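Data first, discussion second: the structure below is written as structure tokens.
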Amino acid sequence: MKKLIGFCRLAWKVSPTYILLLILQSLVAACKLWLNVILPKFLIEELLGAGDVHTILLLGGLIVLNNVAMAWLEKLFKRFLEVKETYVHYAMNKLMAEKIMKLEYSYLEDPYYLDLKEKAVFAVSNQNAISRLIISLADVVKYAVTLIGLVAILATLGPVLLAVLAVGIAVMLLLYRNMSKYVVMMTNEIVPINRKFGYYLDLQMEKQYQKDIRLYDMGHMITDRAAGFTEETFELFDQMYSQQGKTMGGIKVVNDFIAAFCYAYVGIRTISDVFGSRISIGDLTMYVAAAINFTDVVVHFGESLIGMMQVLAFLEPYMEFMALKEETAQSGKEPFTGPVETVEFSHVNFTYPKAEKPVLRDVSFTVKRGEKISIVGLNGAGKSTLVKLICRMYRADSGEIRINGRNIYDYDYMSYMKEISAVFQDYRLFNFTIAENISCKEAGADTQRINRLIDEVGMREKVDSLKDGINSRFGKEYDENGIEMSGGEGQKIAIARALYKEASMVILDEPASALDPLAEAEIYEKFNSLVEDKTAIYISHRMSSSVFCDRILIIDGGSVADYDTHENLMKKPDSLYYKLFMSQAENYKLEEN
Amino acid sequence: MEEQKYKTWPVVKRLVGNMRKKEPGQPARVAAYTMAAGLYPFLAVFLPKIAIGILEQGGENTVGRLLAAMAVWFAAAALLGYGSEYLNHMIQIKNMRNRVFYLVELGDKLTTMDYKYVEDAGFWEKNKKAMSAGNNNADGIEGVSNRLCTLPALVVSLVGMMLLAGNLSPWILLALVLHVAVTMWVSAQNHKYRYARKEQEAKQQRKIDYYYKTTHDFSFGKDIRIYNFRDRILKNYQAEIEGLKALTARLAKHEYLLGLAGIATLFLTNMLMYGILIYQTYNGMPISSFTMYISLITSLMAYMLKLGEDISFIRNQGQYVGDFFRLMDERLEDEKEEIRTEDIKAPEIVFEHVDFKYPGCEIYVYKDLNFTIHSGERLAIVGVNGAGKSTLVKLMTGLFEPTAGHIYINGTDISRIRKKDLYRLYSAVFQDVNILAFTIRENVTGASENVDEQRVREALEKVGLWQKVQGFEKGLDQMMLKVVDENGTDFSGGERQKLSIARGLYKDAPMVIMDEPTAALDALAEAEIYESFSNMVEGKTAVYISHRLASTKFCDKIALFDKDGLKEYGSHEELMAKKGEYYHMFTVQGKYYREDAVADAAGNAIETTEEVSAS
């Protein structure tokens, strides 16, 4: 119930008119049914009794009017509801998007939240859970209102019919409950198998695997596996459908019994007064219609109630996600006025959430303003983690990172982030124009500066070849006329973006991995002039890049192994740095003279 | 509505034919269902007539007769109702199963078709609808199958009801037909209107989707935060949603206005129905008939609409099913005579006047490319990004075919060799390693059966993974990835690359190709991969592609490609002596390694650099 209220609050926030329209629609539908039960009684009584032509025509007219006017109202509602539904569907997605962007970054790399998001997305996109929940909620309201009206009619006939109806309905609901329990049980068994099946099917269909599949002749292996899981899935599906068929058949039987019983009982009431005062044939049609509708409505009521609960359970991940705390990382108050004078790691330890082994152990080092530092280490040594800590994406477990002498979390988040710029190895560009991707501004960007950066990162030729120059939209997802760029070109834009940002510190994590040797060398040679007097931290597997740096921080297994100049490090032939450097240098020995 | 002429009937025939073949029990089920479900609605129609009729008749033992009639009625209803419901479920599940097997068949087809289609965006675009016919419950193959199975029952009910209603008044029947016709026309018009705006709608949706994906893909999180893109994205996101909302409002308004025509005919039908029934009852028709006819006509209207919907559904969706069949029939694999490739050892590959552009592209990757990879040679292919190095691999492995010119393997034009036999010749390792959710053994061998254990072990030993594999309780049976088995394992980047090299080793093909295998690896892992390469290529022809020039050290020959194709070819020494492009690249890339080494050498600090001489 709490969840339901929480959800309603969200939906109300997105579109209050949608909720109101749905309720109104429910009431109108309930009203239509109720009139359809009552009006014929008077018509039949008039036909059998007084036979007054005016009254007959009036009643007939009312019935026709009820049918037609209600049909018209339905169409009218549909017109507005379709629009609202579309809107709410996308707006709820957007709400989640907003949440994602406001979350503390560390959540985004935590497998738990990644999984939670996947589940939420599955419920919302694949199961259409949000629309379904709202609609079943409206149905519950509709059927509840209808039920009250019908009970009011049936109660006038005395308790017998109501009692029998209650028993019949109880049996039906019992059947339903058992079935849905069974379905849930089977679904729990089927879903994992089905997911596996889906995986192998995807392997058959997805492009990236096709080269390997052909060259290593793996097609049979995959098809066999997919077919095998299909058999397994359908063994269960067969059982489940058979059970469902039996239950639904059983419910029909109960339904038919109620209909037969109604006619028998109410029929007897028209000719005998054993069970109470006699009633007319007109009453008979009304009571029977009310009773049959009653079972129908109760069943639908139950269905939508169960459906609502199911969808609510489906939506649990979504609701959990929406309730996540936002950005405690932004707690600091002190405005950071920059520039970065010193960066100081002091005995920093860090373990990723839920990981067993620490990534960083007792890391201490200092970088001074304007220094160029290279961080070197094997894959998985913790280099990128260092960067994330500086960017306040994660908080150190113990120890402190100080900038200009103060803990970085003392600073106000926005003003702090203003002074830090970064290119990540998995940088992302957006489907905005090239200029916007570099300046991160929609308007008021410094075009001259953008152009200068484009020259410097070596993108001039490419940009000039585009019809719209720097105003060409990147990517084809948003707009099919967007331009595409190779990995190397994208990386150059990302570098330009990092440098456009007027931050006093810039971090470059594998910024040139997709560049070819010439472009790479060009970028490295220009780095010092590109980053100007900014404090800079580089991470690269290309050992040659560290030659440019003032000092090199060697991370080995999460600890600082060394922190020195290239010249000094090369004097230690046992060191990791020396080994790494020489293993690459070996390949570039000039032998010809 | 689509450009292609399509006939529903052959599609229906084929669908039904396959259904009978794959699910032999289905026709019997459908026949039984038709009986039960066809008759069942009449019970509801006749119930008031029977009950009120007995009451109207009155006389002796009315109560007894009423109870008896109701009991008989209930027995019949229970039988037919239960039967139709149960059968319907059984029919549906068989159709679903059938559909999934179509899907597996499609998957099989996609993994065996010529590779050129895989990278042809046009192929996927063209067949998107066809494929979607196989992958959902509601539409396509399964939807049409389900409707085809329930259609006979619907027709039985309808015919009976129409006879009854026609008996009362042909005018009502006529009004009903008019109403149903108008309703269907409205729905068709509506469909047309929406269809014409489908692209506009899809475009708008795509824009929304872009923001959806960008925000929901966590990998964008870092850049969004560092560069403060959040408000910007939300603003645009909202604007695109408003755009779609406005479009939907237009569509809904159009539908509503058209729908008013249906309201008019509904009014007419209702007027006629109640008018005639009231008139007749006023003139002596019993009330039992009055109530019966009302329920009859209401049901009839619903059934007629349902029939109309079903038929247009079968027609519309049948088109996609037809597309699916067409795709399955299409020859996507070219068949060739058998040329034995088993005897080929260390092949020689000759490119002769090869032109190539990707399907659907304007720009040529190669024009008149001529060059030879000699038998037993280790060739390094180097060059800048976009020089078409990887394309070369796709051409010689037969994944793509030259636009013009020929490629020969030991003198045989590869276009004459069956793809399967051609693929057999190559052990290829790419930069993007695809580890599949199979066991380690299956990942190495690419097969679930007939595995040579000894060689699996040897391959893993050679790449240095054997120890790691032994560390798993299940050894070679350890599952990879967590998608399928939650106890599955995953490897680091370097280990994944080693596993894929083990795959190449196990295959033991006469030709080895490595395409940028070390781009994401650290220097030590890179050195290990180089070593594996040397191990792997003994007595074979080998190609190593990289934009790092390091690879040239362990290769006999170097081919340097630039945007215009093959630029330089020769041994390292030859090319260095030439002082051309290769020399330039090599010196640029190695500059800082060397200057440093020079500096060290000058300082006499390190003995191991003594063989490095200043240039």
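Predicted, not measured: the structure shown is a model, and the values here were computed from it. To find a chain, count down the sequence lines: A is the first, B the second, and so on, and within it residues start at 1.
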Engaged part of [X] at the chain B interface, taking heavy atoms whose separation is under 4.5 Å:
X: Leu76(A); result: both
X: Arg497(A); result: both
X: Ala498(A); result: both
X: Leu429(A); result: backbone
X: Leu81(A); result: neither

Highest number of heavy-atom pairs under 4.5 Å with chain B: which of [options]?
options: Lys501(A), Lys252(A), Lys418(A), Glu98(A); value: Lys252(A)
options: Lys207(A), Met240(A), Met417(A); value: Lys207(A)
options: Met218(A), Glu489(A), Lys388(A), Lys441(A); value: Met218(A)
options: Gln584(A), Glu109(A), Lys94(A), Lys196(A); value: Lys94(A)
options: Ala91(A), Gly267(A), Ala227(A), Ala226(A); value: Gly267(A)
options: Met248(A), Gln210(A), Met221(A); value: Met221(A)

Just checking Phe438(B) against Tyr200(A), ring centres under 6.0 Å apart? yes
Ring centres under 6.0 Å, that's the criterion: do Tyr211(B) and Tyr478(A) meet it?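 Centroid distance Tyr211(B)-Tyr478(A): below 6.0 Å, so yes.
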With a 4.5 angstrom heavy-atom cut-off, which part of [X] approaches chain A: side chain, backbone, both or neither?
X: Phe229(B); result: side chain
X: Tyr274(B); result: side chain
X: Ala447(B); result: backbone
X: Ile54(B); result: neither
X: Lys235(B); result: side chain
X: Phe220(B); result: both
X: Ser448(B); result: both
X: Ser219(B); result: both
X: Leu399(B); result: side chain
X: Met271(B); result: both
X: Lys419(B); result: neither
X: Ile278(B); result: both
X: Leu234(B); result: both
X: Leu110(B); result: both

At what distance, to the nearest 0.5 angstrom, does [atom1] of [X] lie from [atom2] of [Y]?
X: Leu215(A); Y: Ser427(B); atom1: CG; atom2: OG; answer: 9.0 Å
X: Met90(B); Y: Ser242(A); atom1: CE; atom2: OG; answer: 5.0 Å
X: Lys211(A); Y: Phe430(B); atom1: NZ; atom2: CZ; answer: 4.5 Å
X: Tyr105(A); Y: Ile226(B); atom1: OH; atom2: CD1; answer: 9.5 Å
X: Arg214(A); Y: Tyr426(B); atom1: CZ; atom2: OH; answer: 16.0 Å
X: Asn93(A); Y: Ile241(B); atom1: CG; atom2: CD1; answer: 7.5 Å

Chain A interface, residue from [options] that has the most non-hydrogen pairs under 4.5 Å:
options: Glu242(B), Glu240(B), Met96(B), Lys420(B); answer: Met96(B)
options: Leu47(B), Ile233(B), Ile263(B); answer: Ile263(B)
options: Leu244(B), Thr397(B), Thr291(B); answer: Leu244(B)
options: Thr445(B), Thr62(B), Thr281(B), Asn270(B); answer: Asn270(B)
options: Glu85(B), Arg206(B), Lys245(B); answer: Arg206(B)

When you measure from the side chain of [X] to the backbone N and O of [Y], does any donor-acceptor pair fall under 3.5 Å?
X: Asp223(B); Y: Arg428(A); value: yes
X: Asn431(A); Y: Tyr210(B); value: no
X: Tyr86(B); Y: Gly250(A); value: no
X: Lys117(A); Y: His216(B); value: yes

Here's one to test your reading of the geometry: is the NZ or CZ of [X] within 45 degrees of the ring axis of [Y] and under 6.0 Å from its centre?
X: Arg97(B); Y: Phe237(A); value: no
X: Arg232(B); Y: Phe432(A); value: yes
X: Lys75(A); Y: Tyr256(B); value: no

Between Glu255(B) and Lys78(A), does a salt bridge (Lys or Arg N to Asp or Glu O under 4.0 Å) hold up when you go through it step by step? CA-CA 10 Å; Glu255(B) 178 170 348; Lys78(A) 192 179 168 226; 2.5 Å; yes
Trace of the side chain to side chain donor-acceptor pair (under 3.5 Å) decision for Asn434(B) with Gln208(A): CA-CA 8 Å; Asn434(B) 290 310; Gln208(A) 69 175 108; 2.8 Å; yes
Count the heavy atoms of every other residue, nucleotide or ligand shown that sit under 6.0 Å from CZ of Phe267(B), and state whether that count exceeds 12.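 Counting other residues, nucleotides and ligands, CZ of Phe267(B) stays at 12 neighbours or fewer.
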Minimal heavy-atom distance between Leu106(B) and Met205(A), with the atoms involved, is CD2-CE, 3.9 Å
Less than 4.0 angstrom from a charged side-chain N to a carboxylate O is my criterion; do Asp479(A) and Lys203(B) meet it? no
Asp217(A) vs Arg424(B), salt bridge (Lys or Arg N to Asp or Glu O under 4.0 Å): CA-CA, chis, key distance, verdict: CA-CA 8 Å; Asp217(A) 197 19; Arg424(B) 189 180 298 149; over 6 Å; no
Can you check whether [X] reaches [Y] side chain to side chain, under 4.5 Å on heavy atoms?
X: Phe234(A); Y: Ile93(B); result: yes
X: Met414(A); Y: Asn228(B); result: yes
X: Asn67(A); Y: Met273(B); result: no

Take Asp238(A) and Lys94(B), measure what salt bridge (Lys or Arg N to Asp or Glu O under 4.0 Å) needs, and give me the verdict at the end. CA-CA 8 Å; Asp238(A) 264 353; Lys94(B) 295 297 174 201; 3.2 Å; yes
